[in-house]
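Read the structure below first, then the notes.
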Amino acid sequence: MAEISAPRGVRDILPDESWKWAHVFRTIGETARNFGYSEVHLPIFEHTELFARGIGDTTDVVEKEMYTFTDKGGRSITLRPEATASMVRSYLEHRMDILPQPVKMWCTGPMFRYERPQKGRYRQFWQVDFESLGSPHPYADVEIIALSLEAFRRLGLTSLEVVINSVGCPACRPAYRKELSDYFASRSEELCGTCRDRLERNPLRILDCKREGCRKVTEDAPDVLGSLCEECREHFDSVRSGLDSLGAAYHIDKRLVRGLDYYTKTAYEVLSGALGSQNAVCGGGRYDNLAEAIGGPPVPGVGFAAGVDRIVMVMEQEGCSFGPEPLIDVFGVALDEPSRTELFRLVDALRRAGISADMDYGKRSMKAQMKSASSRKARFACIIGESEVAAGTVVVKNLQDGEQREIPVSDAPLDIRTQLLSTRKG
């Protein structure tokens, strides 16, 4: 066992799982292209101010969960806890406002939050993130929701449920916040310590508490939809009618507020029946004031993020297909040390022909090498010994039916490639 292990809350994604992640990324990338979203790659760390101003000083993320340090230049730097603020920063920094709007981007990569590790939740976790920047139209919201549902559909997920809500805007939220604050103040003794602390600073976050006592209190809390201004109400109605036109099933959850301060108007989550209480597989919504919060001009935006760990976990629980497991096509077997050089040249030729091939680099017996070929689930074994070297041939053994043939070594790449293509078409 290694003397140094990985820190708590992080994990290695090993080969027996990483191929599943690759399938998820490919599927989501194809969905992104179909919806007109372009991939970007963003820094893993940013100036702390970006998240403090963008996400909100009173959020749990900024107050308790960020990995923040001072670099050698004396600057406060934070490992990104989410990608939306970075997306908007990139949009502003690179003057994407001069491009045709909306600018539609997506990215994937690790995020970092210091929170209690649990099933499907880690301190370093991977997300896919989609953002549509530059359009205030409600159909941009509908497109984002439809995109997430289509990606999950292509991945094979079925036990999904969409919940939506509106969180208002700076014009109507203060009145609702006051109404909510008064209500929770009257029942503060029933709230947990964390929610009593939220009461003064951000009472909307109480709606998001998962503790049973707090959830019971929120059942009778004022409904945000009754406090919406005309603009927010019309926007929400248009989002609902857009979803109806696509045949997308959903229901309204008045307690849905999301965990970050930058959301305005639409908030939504996609929930999975395959998970327990922590059942959200993606969440997002509209954030028309985020660009201004980080020092830019007004830029309307809407997006969502989904955790890859959770996606893979739900797919496994639902028995979804990850496509064919990547296996080796050919495993090379050398019968003696002088034959290894010729075998090495053949393996290289196979690889350059687009055939996955490997070989043993130790001085093991033929039996041990054939056992390796079997454990790697290779389709063929290419066997070369002294007589094959002298004749310029190779023995190609089909490890599925046991048939073996001796052919010129120069013919092996085309011969094996033809057999593989024939099998895959069949």
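The first residue of the sequence shown is numbered 1, and numbering continues consecutively from there. Computed from a predicted structure; not experimentally measured.
- Interatomic distance, I145 CD1 to L246 CG, rounded to the nearest 0.5 Å: 9.5 Å.
- Between the CG atom in L204 and the OH atom in Y263 there is a gap of 14.0 Å [rounded to 0.5 Å].
- Listed by first and then second residue, the salt bridge (Lys or Arg N to Asp or Glu O under 4.0 Å) pairs involving residues 230-249 are E231-K265 (not counting sequence neighbours).
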- Message: ring pair (Phe, Tyr, Trp, His ring centres under 6.0 Å), that's the test. Do W106 and Y37 meet it? Break it down for me.
- Response: CA-CA 6 Å; W106 77 285; Y37 283 72; 9.2 Å; no
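- Contact check for V88 versus V299: no side-chain heavy atoms found under the 4.5 Å cut-off.
- In this structure a side-chain-to-backbone donor-acceptor pair under 3.5 Å is missing from S90 to S86.
- Listed by chain and number, the residues in a side-chain hydrogen bond (donor to acceptor under 3.5 Å, both in side chains) with N398 amount to none (sequence neighbours excluded).
- Note that the SG atom of C214 and the CG atom of L191 stand 5.0 Å from one another [nearest 0.5 Å].
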- Message: Between V24 and L155, is the side-chain contact (heavy atoms from CB on, under 4.5 Å) condition met? List the steps.
- Response: CA-CA 7 Å; V24 171; L155 288 170; 4.2 Å; yes
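- How far OG of S356 is from CG of D358: 9.0 Å, rounded to the nearest 0.5 Å.
- Classified by interplanar angle (parallel below 30°, tilted 30° to 60°, perpendicular above 60°), the ring pair F69/F45 is perpendicular.
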- Derivation of the side-chain contact (heavy atoms from CB on, under 4.5 Å) call for K254 and L225: CA-CA 8 Å; K254 69 177 185 179; L225 299 181; 5.8 Å; no
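- R215 pairs by the side-chain hydrogen bond (donor to acceptor under 3.5 Å, both in side chains) definition with nothing, not counting sequence neighbours.
- For the residue pair E131/Y91, the side-chain donor-acceptor check at 3.5 Å is not satisfied.
- Residues S148 and Y268 come closest through the heavy atom pair OG-OH, 3.1 Å.
- A cation-pi arrangement is absent between R376 and F331 under the rule of less than 6.0 angstrom and at most 45 degrees off the ring axis.
- Every residue two or more places apart in sequence or in another chain that forms a side chain to side chain contact (heavy atoms under 4.5 Å, CB included) with Y139 is listed here: H137, V142.
- Among residues two or more places apart in sequence or in another chain, the salt bridge (Lys or Arg N to Asp or Glu O under 4.0 Å) test is passed with R8 by none.
- For K72, there are no side chain to side chain contact (heavy atoms under 4.5 Å, CB included) partners two or more places apart in sequence or in a different chain.
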- Item | Intermediate values then yes/no, side-chain contact (heavy atoms from CB on, under 4.5 Å), F304 and V270 | CA-CA 10 Å; F304 79 91; V270 177; over 6 Å; no
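- In this structure, CZ in R173 is found 12.0 Å from OG in S227, a value given to the nearest 0.5 Å.
- Every residue meeting the salt bridge (Lys or Arg N to Asp or Glu O under 4.0 Å) condition with E17, not counting sequence neighbours, appears here in chain and number order: R11.
- The shortest distance between side-chain heavy atoms of V167 and V224 does not fall below 4.5 Å.
- Shortest non-hydrogen contact noted between P170 and T264 is CD-CG2, 4.4 Å.
- With respect to E115, the salt bridge (Lys or Arg N to Asp or Glu O under 4.0 Å) criterion is satisfied by exactly one of K64, R121, R123: R121.
- Remark: D415 engages R405, Q419 in a side-chain hydrogen bond (donor to acceptor under 3.5 Å, both in side chains) (not counting sequence neighbours).
- Looking at R379 and L420, their side chains come closer than 4.5 Å, going by heavy atoms from C-beta outward.
- P81 and F125 make their closest contact through O-CZ, 3.8 Å (heavy atoms, listed as atom of the first residue, atom of the second, distance).
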- Message: Working note: F130 + L147, criterion side-chain contact (heavy atoms from CB on, under 4.5 Å); need CA distance, chi angles, decisive distance, verdict.
- Response: CA-CA 9 Å; F130 283 77; L147 192 163; 3.7 Å; yes
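- The closest donor-acceptor contact from the side chain of R340 to the backbone of G362 lies under 3.5 Å.
- Side-chain atoms of R53 come within 3.5 Å of backbone atoms of A293 as a donor-acceptor pair (strictly under, hydrogens ignored).
- Residue pairs satisfying the salt bridge (Lys or Arg N to Asp or Glu O under 4.0 Å) criterion with at least one member in residues 140-161, sequence neighbours excluded, are listed as follows: K104-E143, D141-R286, E150-R153, E150-R154.
- For G156 against E318, the heavy-atom pair with the smallest separation is O-OE1, 3.9 Å.
- When all heavy atoms are compared, the tightest approach of S166 to L228 is OG-CD2, 3.6 Å.
- Heavy atoms only, all atoms of each residue included: D129 and A305 are closest at OD1-CB, 3.7 Å.
- Evaluation of the side-chain hydrogen bond (donor to acceptor under 3.5 Å, both in side chains) rule for K371 yields no partner, not counting sequence neighbours.
- T68 meets the side chain to side chain contact (heavy atoms under 4.5 Å, CB included) test with T48, M66, S76, T78; sequence neighbours excluded.
- With sequence neighbours excluded, the residues forming a salt bridge (Lys or Arg N to Asp or Glu O under 4.0 Å) with R89 are E46, E93, listed by chain and number.
- In this structure, the separation between CG on D348 and CZ on R345 is 10.0 Å, given to the nearest 0.5 Å.
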